[in-house]
Amino acid sequence: MSSTAPIEPGLSLGQPESGNLLNILVLTDRDWTHPQGGGTGTHLHEQVKHWLAWGHRVTVVAGGHPGALPVERTGNLTVRRVGSRTTVFPRSIIKGRRSLEPRADVVFEVINGITFLTPIWMDIPRVGMIHHIHREHYVREMGRPGVIAAAALETIPLKLLYRDTTFMTVSDSTASEIAALGVPRSSIQIAHNGVESDLLLPGVKADKPTILYLGRLKKYKRIEMLLRAVHAIPDVELVIAGEGDHRPDLEAEIAALGIADRVHLLGFVTEEEKMTLLQQAWLNVTASSVEGWSIVVMEAAACRTPTVAMRVGGLREAVVDGTTGVLADSQEQLTSSIAEVLSDSAMRERMAQAARDRSVQFSWERTAAKTIDVLRAAVETGGTVRSAGGSAA
């Protein structure tokens, strides 16, 4: 779940960041307070928290949601909510940069399947942020019309307008997807998602074999594959934490499979509840068809919970197959892998410790510092920056 915690201006996160301070304008469809914030919200929240602590000014322009204020200001942070998740794009363009934040030095554009078309109307340096390419996501959610939507909203704009844009992403997998659209690989920087391994700690496991799905309830997440695995494995219980428009379909599938007594749909959970669920789970599981990296995989790892996932996108990097979890290529492999890890306590313990050991190598501070370096380089060169495509774990 995305963090809804406020960002406190007085945070102390180590030594102050060196170099010139920036005034950063962030464009995104949703901020970390949005009910559908997901990994995008968490990624932005954790980075902005560090940027503010280092003295930078940040203005976030995002789509609004019920109960959210149109403008919030806290210290050097301003959050402006314009329209909704869908109308924030045209309304931001109409308002223009000088209306959104006239003092901005650089734009950090978060592209979640729809671009803000910033090459057309932004007159200051820009850096794009892509977690994953949404082409397959569109098709799975919308069927055949999704092919047209993906082309119009993502593929064509990226190919025609963004070739000279510096991009950041979270995995080698997504970097390759962006490069396939014509963006030079040297213009794509990788900064892996972080994890708060000092706050997310191991805990006591549940008495019964328990697997956890934590995330949005969307069609492309293929949660039905997890339900079929539960149907095939006796005694295992599945906890599903999160909300989304696919919930009615999941409820119908649960009833049809006759596993309502072993599947628990919790809906939205708080950060405290999330940590408890990650600690109690024997396994974190996901059958998602599209993932840029998966923050939840690393959060589970910090709690000594290994992951079984499908071998797609950035999950191939977030999970070290056979070491911190298992990657599967089919429904049958997913089911058998879950059953094997649950039944083999020695394997599960080995993977749990390896997952925890690896999680401490990732931090949001490192991710945020890498992003600031790229933003500052864009400002110093007056536009795009090209390098060897370095990465930050």
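Predicted model only: the values in this text are computed from it and were never measured. The chain is numbered in sequence order, starting from 1.
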Run the side-chain contact (heavy atoms from CB on, under 4.5 Å) test on M122 and L25 for me, step by step, so that the C-alpha distance in whole Å, both residues' side-chain angles and the decisive distance to 0.1 Å come before the verdict. CA-CA 11 Å; M122 274 292 171; L25 173 59; 3.6 Å; yes
Which distance, rounded to the nearest 0.5 Å, do you find between the NZ of K218 and the CD1 of I223? 10.5 Å
With distance as the sole test, does S343 use its side chain to make a donor-acceptor pair with the main-chain N or O of E340 at under 3.5 Å? yes
Test log, rule side-chain contact (heavy atoms from CB on, under 4.5 Å), inputs R81 and E72: CA-CA 9 Å; R81 299 186 177 91; E72 290 186 76; 2.6 Å; yes
Where do V296 and L214 come nearest, in terms of heavy atoms and distance? CG2-O, 3.6 Å
Is there a side-chain contact between V236 and R262 in this structure, where contact means two heavy atoms from C-beta onward sitting under 4.5 Å apart? yes
Within the structure provided, determine whether L158 and I133 are in side-chain contact (heavy-atom separation under 4.5 Å). yes
V147 vs V139, side-chain contact (heavy atoms from CB on, under 4.5 Å): CA-CA, chis, key distance, verdict: CA-CA 6 Å; V147 176; V139 174; 3.9 Å; yes
Note: E365-K49 ion pair, threshold 4.0 Å (strictly below): no
Please work out which of the three classes, parallel, tilted or perpendicular, describes the rings of H50 and W54, given edges at 30° and 60°. tilted
Using only atom types and a distance under 3.5 Å, with no angle test, would you say the side chain of T210 pairs donor to acceptor with the backbone of K208? yes
Value for CG (L77) from NE2 (H56), rounded to nearest 0.5 Å, stands at 13.5 Å
Are the side chains of R356 and S197 in contact, using a 4.5 Å heavy-atom criterion? yes
Rounding to 0.5 Å, atoms CZ (R350) and CG (D344) come to a distance of 8.0 Å
If hydrophobic clusters are built by linking Ile, Leu, Val, Met, Phe, Trp and Tyr wherever their side-chain heavy atoms come under 4.5 Å apart, do F362 and L315 end up in the same one? yes
Inter-residue atom distance L117.CG - I93.CD1, 0.5 Å rounding: 4.5 Å
Applying salt bridge (Lys or Arg N to Asp or Glu O under 4.0 Å) to D249 and K219, what does each step give before you reach the verdict? CA-CA 9 Å; D249 297 292; K219 189 173 182 179; over 6 Å; no
Should we say atom CG of D329 is surrounded by more than 12 heavy atoms from elsewhere, each under 6.0 Å from it? yes
Separation between OH (Y162) and CD (E154), nearest 0.5 Å, reads 11.0 Å
Quick one: closest heavy-atom pair of P157 and T115, and the distance? CB-OG1, 3.8 Å
Where do Q331 and T335 land on the side chain to side chain donor-acceptor pair (under 3.5 Å) test, with the steps shown first? CA-CA 6 Å; Q331 173 74 68; T335 300; 3.1 Å; yes
Test of ring centre spacing under 6.0 Å for H192 and W293: yes
If every non-hydrogen atom of Q47 is compared with every non-hydrogen atom of A368, which pair is closest and at what distance? OE1-CA, 3.2 Å
Heavy-atom check, side chain of D321 versus side chain of R311, under 4.5 Å: yes
Any side-chain donor-acceptor pair under 3.5 Å between E237 and H264? yes
Given side chains that start at C-beta, do those of L212 and T305 come closer than 4.5 Å, heavy atoms only? no
Test salt bridge (Lys or Arg N to Asp or Glu O under 4.0 Å) on R228 and E224; report intermediate values, then the result. CA-CA 6 Å; R228 290 193 284 272; E224 286 85 352; over 6 Å; no
Is it true that E196 and K274 have a side-chain N and a carboxylate O under 4.0 angstrom from each other? no
Look only at the side chain of T307 and the backbone of A309, and say whether a donor-acceptor pair between them is shorter than 3.5 Å. no
Test item: T28 side-chain N/O and D31 main-chain N/O as donor-acceptor pair under 3.5 Å: no
Is there a donor-acceptor pair under 3.5 Å between the side chain of H132 and the backbone N or O of I130? no
Heavy-atom pair with the smallest gap, counting every atom of R91 and G83: NH1-CA, 3.4 Å
Using a 3.5 Å distance criterion without hydrogens, assess whether the side chain of R216 forms a donor-acceptor pair with backbone atoms of G244. no
Is there a side-chain contact between L334 and L226, using heavy atoms and a 4.5 Å cut-off? yes
Between the side chain of R185 and the main-chain N/O of I188, is any donor-acceptor distance below 3.5 Å? yes
To the nearest 0.5 angstrom, please state how far the CE atom of M129 sits from the OG1 atom of T169. 5.0 Å
L69-V61 co-clustered via ILVMFWY side chain contacts under 4.5 Å: no
Answer yes if L181 and F116 sit in the same cluster of Ile, Leu, Val, Met, Phe, Trp and Tyr residues linked by side chain heavy atoms under 4.5 Å apart, and no otherwise. yes
Donor-acceptor pair, W32 side chain versus H43 backbone, under 3.5 Å? no
Side-chain donor or acceptor of S289 paired with backbone N/O of Y220 under 3.5 Å: yes
Could you go step by step and tell me if I114 and D29 meet the side-chain contact (heavy atoms from CB on, under 4.5 Å) rule? CA-CA 9 Å; I114 305 177; D29 62 335; over 6 Å; no
What pair of heavy atoms forms the shortest contact from A206 to W282, and how long is it? O-NE1, 2.9 Å
Over 60° means perpendicular and under 30° means parallel, so tell me whether H34 and H65 are parallel, tilted or perpendicular. perpendicular
R30 side-chain N/O to Q36 backbone N/O, donor-acceptor pair under 3.5 Å: yes
Cluster link Y213 to I338, ILVMFWY, side chain under 4.5 Å: yes
I94 with L100, same ILVMFWY side-chain cluster at under 4.5 Å: no
Is any side-chain heavy atom of I372 closer than 4.5 Å to a side-chain heavy atom of I24? yes
Residues R57, D105: salt bridge by 4.0 Å N-O rule: no
Using side-chain heavy atoms (C-beta onward) and a distance below 4.5 Å, is T367 in contact with E46? no
Establish, from distance only, whether the side-chain atoms of E349 and S345 form a donor-acceptor pair under 3.5 Å. no
Checking D123 against R98 for the salt bridge (Lys or Arg N to Asp or Glu O under 4.0 Å) test, could you report, in this order, the C-alpha distance in whole Å, the side-chain angles of both residues, the deciding distance, and whether it holds? CA-CA 10 Å; D123 56 356; R98 296 186 186 281; 3.3 Å; yes
Indicate the atoms forming the closest heavy-atom contact of L342 with R348, along with that distance. O-NH1, 2.7 Å
